[in-house]
Asks: 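To start, I am sharing the structure in question, which I have written as structure tokens.
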Amino acid sequence: MSTVLGGGRLTPVRRQYLTIKHSYPDAVVLFRMGDFYECFDDDARTLSSALEIALTSRTMGKDTRVPMAGVPAVSLESNLARLIKQGHKVAICEQLSDPATSKGLVERGVVRVVTPGTIIEAALLNNQANNYLAAVCLSEGQAGLAYVDVTTGEFAVCQLADDQLLLEIARLQPSEILVPDRERFQDFVASATSAGEAVSVTQLETSAFSLSVARRALLDYYGVLSLEAYGLEHNDAPTEPLAVRAAGAILEYLQYTWQGERPALSPPVVYSTASYMTLDPQTRRNLELFAAGRWDSRDLSLLNALDGTRTPMGARLLRKWLGQPLLDLERLQRRLDAVQFFHDDAFRRDEAASVLAPISDLERILSRVQTNSATPRDLLALQRSVESAAKLGAMLSRDNVAPVAWLAGELRPIPDVTVLIEQAIEPEPSGAVGDGGVIRPGFSPELDRTRGLSRDARGFIAGLETEERERTGIRNLKIGFNQVFGYYIEVSKSNLDAVPDHYQRRQTLAGGERYITPELKEFESQALDAREKLEELERSLYRQVCRQVADHGPAISRLASAIARADVFAGLADVAVRHGYVRPELNEGAAIRIADGRHPVVERVLGSGAFVPNDAALDSDDAQIMLITGPNMAGKSTYIRQVAIIVLMAQVGSFVPSSSATIGLVDRIFTRVGLQDDLATGQSTFMVEMVETAAILNQASWRSLVILDEIGRGTSTYDGLSIARAVVEHLHNNPRLGCKTLFATHYHELTELASTLPGVRNYSVAVSEEDGRIAFLRRIVPGGADRSYGVHVAMLAGMPASVVSRAQELLTHLEQDRGSNIGAGRGSSRNAEPSPQLPLPLFPLDDDGVAAELLSMDVSNLTPLEAINKLYELQEQARRPEE
């Protein structure tokens with residue numbers, strides 16, 4: 001590292017800085033010097049570039065000049081945000097001793113290392129989403145995963161198959177991941193997926209992930225002798241060593257990043273991914289759970305449509321539930337019962353909303369209290385929130401209704417906290433802690449006496465100034481204060497002849513002189529002592545109050561969790577009432593039956609009464625596959641997505657947009673929707689489509705719900721049709737699958753499958769046609785479509801009239817040319833007969849080689865990817881010219 005310009009003896013502060021920087025080589029060290037945080041050497045260049053500020057230099061020893069850049073201390077938070085966003089870690093080095101009283105070098109030390117996963121600053125966080133720090137430990141097909149949110153205290157761990165790991169990481173979207181080997185982890189990610197959001201990966205020393213070190217870190221942090229109570233140990237033999245290793249590594253990292261009080265974490269919760277519906281990134285994106293459209297708008301997401309919460313804790317919990325639907329029928333019924341409790345009584349909903357509205361972010365305030373970064377207004381907000389929560393608990397207890405009795409029991413008052421804050425903190429605190437305007441009068445007699453002395457000092461100065469004016473006859477005499485001379489008496493030049501002999505001159509000004517007196521110096525000593533004592537006392541008392549509040553951390557944390565759940569239940573009920581949602585009937589069966597289902601987002605965009613509802617009937621034992629045909633823009637995609645969304649909402653515990661819904665729980669929702677390529681890995685649109693489809697066919701089970709939209713459209717007509725038909729047959733015939741499937745397609749030829757596959761049902765989107773114009777009725781009706789109306793859709797899309805006209809001419813010509821491979825099977829004119837079905841397979845049966853190989857294939861045992869590859873191989877063989 002280039003550190004100096006020149007050489008020579010270093011100053012003490014330079015040596016101090018280099019010692020500190022040596023301990024944090026991978027972080028930008030913000031070195032506090034007075035009112036600024038300064039950076040030196042390469043850190044200065046980094047800071048200058050990242051924040052677009054001037055790069056200067058500073059002499060720090062004989063013949064030693066170093067690059068320097070800095071930011072004001074008052075703007076630390078905003079500059080932290082920019083540095084963290086650009087991927088930098090920041091070590092904050094504070095002055096640990098008072099420069100005014102320090103003899104020699106001011107003591108300095110790093111108090112905290114700020115990383116993407118350890119941010120606590122409110123301005124850097126999204127109140128409606130968690131900020132997770134995760135740790136991953138891989139070993140022989142298994143993985144240990146642990147994650148925390150230091151701002152809320154959440155701590156969870158699990159051990160799972162490594163092929164499930166990336167799905168969990170995608171669900172959590174951690175800001176930072178800790179690993180023992182960055183290169184190995186990145187290779188694993190690259191081999192398992194072709195896409196994913198960028199995340200900060202931090203490599204720790206391998207020892208941090210050793211079982212003995214990790215176990216000791218957990219035992220010491222929680223002050224226990226065994227991890228058995230947390231489900232991480234049995235008879236002193238860890239049953240989930242990878243999970244323990246990941247959890248311990250997080251605690252080791254927090255010890256490194258927090259030199260003072262570490263964030264207080266709840267005991268680790270061990271969970272299993274088998275308890276929840278799995279949602280891969282494609283499904284979350286295709287169903288637009290958290291963002292929608294080309295610009296990832298939250299306003300058009302399902303989360304926004306369902307979010308009726310009033311508190312930050314509730315908003316975060318709803319987001320978590322949407323990303324992790326339940327498979328436990330009993331827990332789901334409990335959630336639905338609670339939603340119904342609020343749904344059925346408008347007074348309850350209104351009362352709950354009024355009580356919840358003033359509640360602040362208890363979880364994150366508690367975290368700031370525990371890390372000594374809470375403000376007095378944070379404490380007052382905590383007091384009000386705890387009192388409001390107790391009112392909510394009383395309201396729920398008053399009704400004594402079984403569905404919410406368990407919740408009412410968790411919304412208990414914490415009088416030790418509320419009374420303490422009320423007695424200790426001024427209702428309207430003024431100034432910073434230490435200025436004397438934070439601790440309430442009466443809380444500390446000693447502080448009251450000291451505060452009185454400080455007030456008397458101001459009165460003494462005013463009285464002395466009046467007294468000296470009268471004694472000397474100098475009417476414009478005034479008493480002032482500065483850091484250099486302390487208190488002084490200032491007299492203008494025109495009155496210098498009236499200055500008494502006992503005044504001692506200290507400073508000459510352009511317009512007069514400044515003096516001191518023995519009486520003034522004696523008062524100054526007393527006043528400064530009182531001021532220092534006031535500052536020290538108030539800060540000490542404030543820290544004491546924060547410690548006492550932090551002692552109730554577990555109770556406050558439980559209360560915050562109960563508030564969040566009550567908020568979600570009341571919010572879901574309010575949304576259900578306002579938009580006409582009904583309670584779904586859930587069971588363990590194989591059927592999904594929805595009457596008058598609606599898309600919760602699209603119907604809001606269209607406005608009241610404009611959305612056309614539709615039924616859906618799927619059953620793994622009967623009507624397994626709904627094959628939906630019809631023109632583009634007619635509503636096929638909206639329909640198949642709304643069925644998936646209704647199922648997902650039901651398994652979150654929400655009411656659903658329909659007139660009735662009976663839903664057999666599904667273990668996973670798969671979606672293959674939309675066209676996209678992957679430029680980063682060189683995969684074409686078609687390859688992405690095939691890879692995602694293959695994943696569905698390999699991973700789905702009979703309890704899954706599969707949504708497939710226009711499979712095969714990324715390649716030629718015959719190839720696409722062949723693949724689409726093969727996929728439908730595989731979904732229907734493979735004994736391992738039998739999954740409920742909605743298959744939207746523009747290949748009308750596939751409708752013939754309903755006559756040969758008993759589990760396939762044909763549906764189409766109704767279209768009204770009159771005088772050459774079409775209208776999409778948005779109704780899903782039984783039976784298949786035989787036309788695409790592509791030219792009509794082009795006209796509706798605003799295509800130039802000349803292009804539409806020419807396209808119609810070509811379409812008519814191609815439809816009349818029955819021998820043309822281009823037009824075969826692609827639709828017909830309005831008065832023409834339906835196009836003949838495209839025969840499958842597509843290979844000439846008189847080709848003995850192709851036919852023989854085709855007949856010898858064990859189709860039932862081919863994987864989807866093998867089938868696709870073999871299909872290409874046979875097609876190329878059939879097309880090969882005779883030699």
Side-chain angles (χ1 to χ4, degrees), residues 195 279-289 292-294 300 302 592 594 597 599 601-602 614 616 618 624-648 666 668-678 684-697 699-700 704-715 717 719-732 737 739-751 753 760-765 767 776 778-780 784-785 788-790 793 864 868:
L279 298 171
D280 57 42
Q282 291 79 20
T283 296
R284 285 198 307 275
R285 182 181 64 248
N286 292 333
L287 297 184
E288 300 179 327
L289 299 187
R294 288 179 290 175
L300 297 177
L302 178 63
I592 296 174
I594 300 169
H599 193 295
V601 178
V602 176
N614 279 292
L618 288 162
Q624 176 205 340
I625 300 174
M626 289 182 67
L627 190 65
I628 306 155
T629 50
N632 292 323
M633 293 179 61
K636 298 193 303 296
S637 295
T638 297
Y639 172 72
I640 62 176
R641 292 185 208 207
Q642 84 185 32
V643 172
I645 287 172
I646 287 172
V647 170
L648 185 143
V666 306
R668 186 162 178 178
I669 296 175
F670 292 93
T671 62
R672 164 85 280 282
V673 176
L675 291 173
Q676 62 179 13
D677 54 20
D678 189 344
S684 67
T685 297
F686 180 62
M687 178 55 78
V688 170
E689 180 182 333
M690 290 300 97
V691 168
E692 293 182 1
T693 303
I696 293 172
L697 299 183
Q699 298 173 32
S704 301
L705 175 62
V706 175
I707 305 299
L708 298 173
D709 191 13
E710 306 287 13
I711 293 297
R713 63 179 166 182
T715 186
T717 301
D719 285 352
L721 177 53
S722 302
I723 292 168
R725 177 163 180 161
V727 167
V728 174
E729 290 175 345
H730 186 82
L731 288 167
H732 184 278
L737 292 175
C739 46
K740 295 171 282 291
T741 303
L742 292 136
F743 194 107
T745 182
H746 62 279
Y747 293 130
H748 308 136
E749 295 79 5
L750 295 179
T751 57
L753 290 172
V760 174
R761 301 289 187 275
N762 282 329
Y763 290 86
S764 62
V765 185
V767 176
F776 301 137
R778 313 293 183 187
R779 294 291 302 177
I780 304 299
S788 292
Y789 295 96
V793 171
I868 291 169

Asks: Within the 4.5 Å heavy-atom criterion, are R672 and I707 side-chain neighbours or not?
Replies: no

Asks: What's the shortest heavy-atom distance between A700 and C739, and which atoms?
Replies: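 Between these two residues, the closest heavy atoms are CB-SG, 4.1 Å.
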
Asks: Are S764 and I780 packed together at the side-chain level, in the sense that at least one heavy-atom pair is separated by less than 4.5 angstrom?
Replies: no

Asks: Among I640, I628, V673, L731, whose side chain to side chain contact (heavy atoms under 4.5 Å, CB included) with L708 holds?
Replies: L731

Asks: Of all residues at least two apart in sequence or in a different chain, which pass the side chain to side chain contact (heavy atoms under 4.5 Å, CB included) check with D280?
Replies: L167, Q282, T283, R668, F670

Asks: Evaluate side chain to side chain contact (heavy atoms under 4.5 Å, CB included) for M626 paired with T741, printing each intermediate quantity in order.
Replies: CA-CA 6 Å; M626 289 182 67; T741 303; over 6 Å; no

Asks: With sequence neighbours excluded, tell me which residues meet side-chain hydrogen bond (donor to acceptor under 3.5 Å, both in side chains) with T745.
Replies: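 T745 satisfies side-chain hydrogen bond (donor to acceptor under 3.5 Å, both in side chains) with no other residue.
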
Asks: What I'd like to find out is whether the side chain of V760 reaches to under 4.5 Å of the side chain of L750, using heavy atoms alone.
Replies: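 The answer is no; the side chains never approach within 4.5 Å.
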
Asks: Among R779, R778, K636, which residue satisfies the side chain to side chain contact (heavy atoms under 4.5 Å, CB included) criterion with V765?
Replies: K636

Asks: Given side chain to side chain contact (heavy atoms under 4.5 Å, CB included), test D719 with L721 step by step and report yes or no.
Replies: CA-CA 6 Å; D719 285 352; L721 177 53; over 6 Å; no

Asks: L742 versus Y639: any side-chain heavy-atom pair under 4.5 Å?
Replies: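 Yes, at least one pair of side-chain atoms sits under 4.5 Å.
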
Asks: Can you tell me how far the CZ atom of R641 sits from the CG atom of D709, to the nearest 0.5 Å?
Replies: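 Spacing of CZ (R641) from CG (D709) equals 6.5 Å.
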
Asks: Given the rule in the side chain to side chain contact (heavy atoms under 4.5 Å, CB included) test, do T671 and I696 qualify, once you have shown the distances and angles that lead to the verdict?
Replies: CA-CA 8 Å; T671 62; I696 293 172; over 6 Å; no

Asks: Run the numbers on T629 and H746 for side chain to side chain contact (heavy atoms under 4.5 Å, CB included), then give the verdict.
Replies: CA-CA 6 Å; T629 50; H746 62 279; over 6 Å; no

Asks: If you look at every heavy atom in V643 and A616, which pair is closest and at what distance?
Replies: CG2-CB, 3.8 Å

Asks: Are the side chains of I711 and Y747 in touch, meaning some heavy atoms are under 4.5 Å apart?
Replies: no

Asks: May I ask you to check whether H732 and Q624 show a side-chain donor-acceptor distance below 3.5 Å?
Replies: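 Short answer, no.
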
Asks: Considering only heavy atoms from C-beta outward, does the side chain of K740 approach that of V706 to under 4.5 Å?
Replies: no

Asks: Can you measure from CG (L289) to CD1 (I645) and round to the nearest 0.5 angstrom?
Replies: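 So the gap between those two atoms works out to 7.0 Å.
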
Asks: Heavy-atom distance under 4.5 Å between the side chains of L627 and Y763, does that happen here?
Replies: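 Answer no - side chains too far apart.
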
Asks: Is there a side-chain contact between L287 and L302 (heavy atoms, below 4.5 Å)?
Replies: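 A side-chain contact under 4.5 Å is absent here.
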
Asks: How many angstroms lie between atom CG of L705 and atom CG of L618, to the nearest 0.5 angstrom?
Replies: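 The distance works out to 7.0 Å.
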
Asks: Could you check whether T751 and N762, counting side-chain N and O atoms only, form a donor-acceptor pair closer than 3.5 Å?
Replies: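 Checked: N762/T751 side chains show no N/O donor-acceptor pair below 3.5 Å.
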
